[in-house]
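In what follows, chains carry the letters A, B, and so on, assigned in the order in which the sequence lines appear, proteins first and then strands, with residues in each chain numbered from 1.
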Protein chains: 2
Amino acid sequence: MSLAKPSLEMLRALTDENVLRALMEEGRLTRAEIAARTGISKPTVSDSVRRLSEAGLLADTGERTTGRGRVGTYYSLAADTGAALVASIGPDGVVAETVDAFGTATARAEVGLGRAPGPHATARALTEAVALVRPRTHGRLRTAVISAADPVDRATGRLVHLPDAPFLVGDLDPAEVLAGSVDGAVLVDNDINWAARAERAGGCALGVDDFVYVHLGEGLGCAVVTDAEVRRGHHGLAGEIAHLFTEGPRGRAMPFTEVFAELGLRRAESTAIDVGALRAAALGDSAAARRTRGALARAVGGVLAAAVALADPRLIVLGGAWGAEPVIAEAIRAHFAALPRSVPVAAARVPEPALAGARARAVEALRTAIITAPRPEASA
Amino acid sequence: MSLAKPSLEMLRALTDENVLRALMEEGRLTRAEIAARTGISKPTVSDSVRRLSEAGLLADTGERTTGRGRVGTYYSLAADTGAALVASIGPDGVVAETVDAFGTATARAEVGLGRAPGPHATARALTEAVALVRPRTHGRLRTAVISAADPVDRATGRLVHLPDAPFLVGDLDPAEVLAGSVDGAVLVDNDINWAARAERAGGCALGVDDFVYVHLGEGLGCAVVTDAEVRRGHHGLAGEIAHLFTEGPRGRAMPFTEVFAELGLRRAESTAIDVGALRAAALGDSAAARRTRGALARAVGGVLAAAVALADPRLIVLGGAWGAEPVIAEAIRAHFAALPRSVPVAAARVPEPALAGARARAVEALRTAIITAPRPEASA
DNA sequence: CCGTCTAGTAAGGAGTCCTGACCAAAGGAG
DNA sequence: CTCCTTTGGTCAGGACTCCTTACTAGACGG
């Protein structure tokens, strides 16, 4: 609400931010190149580079320009500006990466859970994965972005269990696990939300401001992107569609998750979908398979109709172990196209989408951490 | 994406904006008061006031401070800074207002349609209402914000007809009707979206960042507020819930709008709900009324479940001719509370909500128009 | 070897904001 | 009535930021 107060300090900070961002995007630049890129005059850029070098954020790389004219000196971010941790937590294990401010992944580790699933084993796997990547990165970990295959409470960052939905990873607080290894903020979100961001950044929803990503796998979920942002809702549970009323077998209205119980496609003693059984029942050319596909398409169609009604997307993206299966996706698409307010349907196509989305956000977070970090007063 | 380039001009503009906003909120202030309010030093404020006075945006009101100390001169916005038009368009007619940059309504007119509904009559009514308020306002109309009781295409601002939904006002392009009377941009949105903003600004959803406003009247609609903004979706049709699949009578899945056909509660030859018939059927203590209420509650419950699943609101607001009816609202609330992911339900309470929401936005738009308007170069 | 071309610096100026001192004028105390 | 206090507003000086223009340093090309 309150408007920023104008000051010369603010102006200088903006100049420094321009210089830093130019270098983050380009890797290394001479002062003249920075001036050309940002539109700021050469003397001002030189001032800023001097300031930032004295603060330890920038360094002469030792490289020099070649070609006609005077040799230029290349500057780049200092080596110790730190890194960000990215991790993807699923029921099978953990994938962890570190990225620097240029967006380059500097280390990667995968730790599987084998036959010992559960939150404790997952916490250990996360700790272990961090220990594996930690020594292979320069500087401290200034922030972390975590993807988890369960709903995430927006306020606390904890994984939460919703009624009648599978709890794939289990009760876990990633921020607590990482408390010792990461200096700054730890941001946790659902894997589907990260996947949606990845599709928007470079997948089938490239640049689309309003779309819905529907994930159909062991669990059921979706991500709602409106006005170019994933919307998480008050608790962070937007997109948890298990209890959305839709059309079940024989035209009855029932929660989405119960359709799978009704069809006998759940795993024993669990609310998770048995993807193997589903594929066995829905793929192929038999009349039974076609019937199953029809039932699935009608149930998913109800979910898509709800998404269209409430979010008005330009596009719907189907992802997940069986949602991206061409034959099933085609059945869904055909049924949905016949509904009164249909929109185009596309298939997700980014590999490791959750990790990719989290990685992009981690780079962003690391960059702003570097830019907004308090700097020593220039009082020498 | 690209970062603002720092410049001294930008700083000055920020100072001027601080001064202008302070005066817009407070009405009249002395330079010392502006300095105290904004935190900007007195000399700088004096400079800014001189600049803005020379540009014709500010004027000495002639009033003077009384009390101890030197007399101060009060400044205020110049009288000719213009006004904004606000209009609410419904099937029964048009209400138009003009507001100034202080948020004060300066004129108001209501033009009914009587027995001649339809888009042509509505366009005439709008023109007439504007002609009535126009002479009673100072300065030109610099922007307009329109509320319409039909879905609005976000890109064009036209009212659009969706299949199986009533078209209460009809095919109309408010911006075209107003082209001659309004200088600046014309913003058109659905009445339900404006109502939701009004409830957030000062009603039962005061300050809530994530909520869903469900309107149950002749038409069916809702507004989705996430992260403190009404989300309109790609076409502007977010919240058009007529085709959302829900639970109909006898437990069958069907589009929301068809529930009313099934219950015989639609008006003849129309997809609009017969509110009179609905009240007759659902109010009272008879077994039949209780059955009807139950059917309505289950149908609305499906819609609320979908809203909770996709938007994760902190609150659901019920409004509209029968949605706010206490007995029906209570039936909805009771049924919804038993669902697995229930959230609090409140009743809308802002009077003339669509107009109130549009008015607030019009003030905002007028203020930014004044602040960002190109100013004559100070070259005297 | 000299002209050309480019990175970077130096000098000067315009503009913005601030601090602190000062002035003007009204109300209150005695 | 006079003096002091209080407050709005201005003045002068200074710190700082950014820009333009002109200049220097130094390598390549012919």
B:Pro6 has a side chain; which of C:dG8, D:dC19, D:dC18 sits nearest to it? D:dC18
Rounded to the Å, how far apart are B:Glu17 CD and C:dT16 P? 16 Å
Between A:Glu9 (CD) and C:dT16 (P), how many Å, whole number? 19 Å
Quick check for you: to the nearest 0.5 Å, what is the distance between B:Tyr75 atom OH and B:Ser46 atom OG? 7.5 Å
Using a cut-off of 4.0 Å on non-hydrogen atoms, how would the nucleic acid contact of A:Leu11 be classed: base, sugar-phosphate, or nothing? sugar-phosphate
Does the side chain of B:Val99 reach to within under 4.5 Å of the side chain of B:Glu97, using non-hydrogen atoms? yes
Does a side-chain N or O from A:Thr15 land closer than 4.0 Å to OP1 or OP2 of D:dC18, or not? yes
Mind running a 4.0 Å heavy-atom check of residues 61-76 of chain A against DNA chain D and sending the residues that fall below it, in number order? A:Gly67, A:Arg68, A:Gly69, A:Arg70, A:Val71
For residues B:Val230 and B:Val224, determine if any side-chain heavy atom of one lies less than 4.5 Å from a side-chain heavy atom of the other. no
Pair A:Glu9, A:Ser7: side-chain N/O donor-acceptor within cut-off below 3.5 Å: no
Take the protein atom CG of A:Leu8 and the nucleotide atom C1' of D:dC18, then report the distance between them rounded to whole Å. 10 Å
Rounded distance in Å - CE (A:Met10) to P (C:dC18): 12 Å
Nearest whole Å is fine: how far is D:dT17 C1' from A:Leu14 CG? 12 Å
If only side-chain N and O atoms of B:Ser46 are considered, is one of them under 4.0 Å from the OP1 or OP2 phosphate oxygen of D:dT10? yes
Closest nucleotide of DNA chain D for A:Asp47 versus for B:Arg31: which of these residues is on the 5' side? B:Arg31
Give the rounded distance in Å between these two atoms: CZ of B:Arg12 and C1' of D:dC18. 13 Å
If you check the B:Ser41 side chain, which of D:dT17, C:dC18, C:dA7 turns out closest? C:dC18
Of the nucleotides D:dC18, C:dG20, D:dG9, which one has an atom closest to the side chain of A:Thr44? D:dC18
Quick one: do B:Val188 and B:Thr156 satisfy side chain to side chain contact (heavy atoms under 4.5 Å, CB included)? Show the steps, please. CA-CA 9 Å; B:Val188 188; B:Thr156 65; over 6 Å; no
Give the rounded distance in Å between these two atoms: CG of A:Asp16 and P of D:dC16. 15 Å
Test log, rule side chain to side chain contact (heavy atoms under 4.5 Å, CB included), inputs A:Tyr74 and A:Glu33: CA-CA 9 Å; A:Tyr74 280 111; A:Glu33 286 166 348; 3.6 Å; yes
Ignoring hydrogens and angles, write down the donor-acceptor pairs under 3.5 Å from the side chains of residues 202-210 of chain B, residues two or more places apart or on other chains.
from	atom 1	to	atom 2	distance (Å)
B:Asp209	OD1	B:Arg200	NH1	3.0
B:Asp210	OD1	B:Asp227	N	3.0

Rounding to an integer number of Å, can you tell me how far B:Ile34 CD1 sits from D:dT7 C1'? 16 Å
Look at the side chain of B:Lys42 and decide which nucleotide, out of C:dC18, C:dA10, D:dG9, has an atom nearest to it. D:dG9
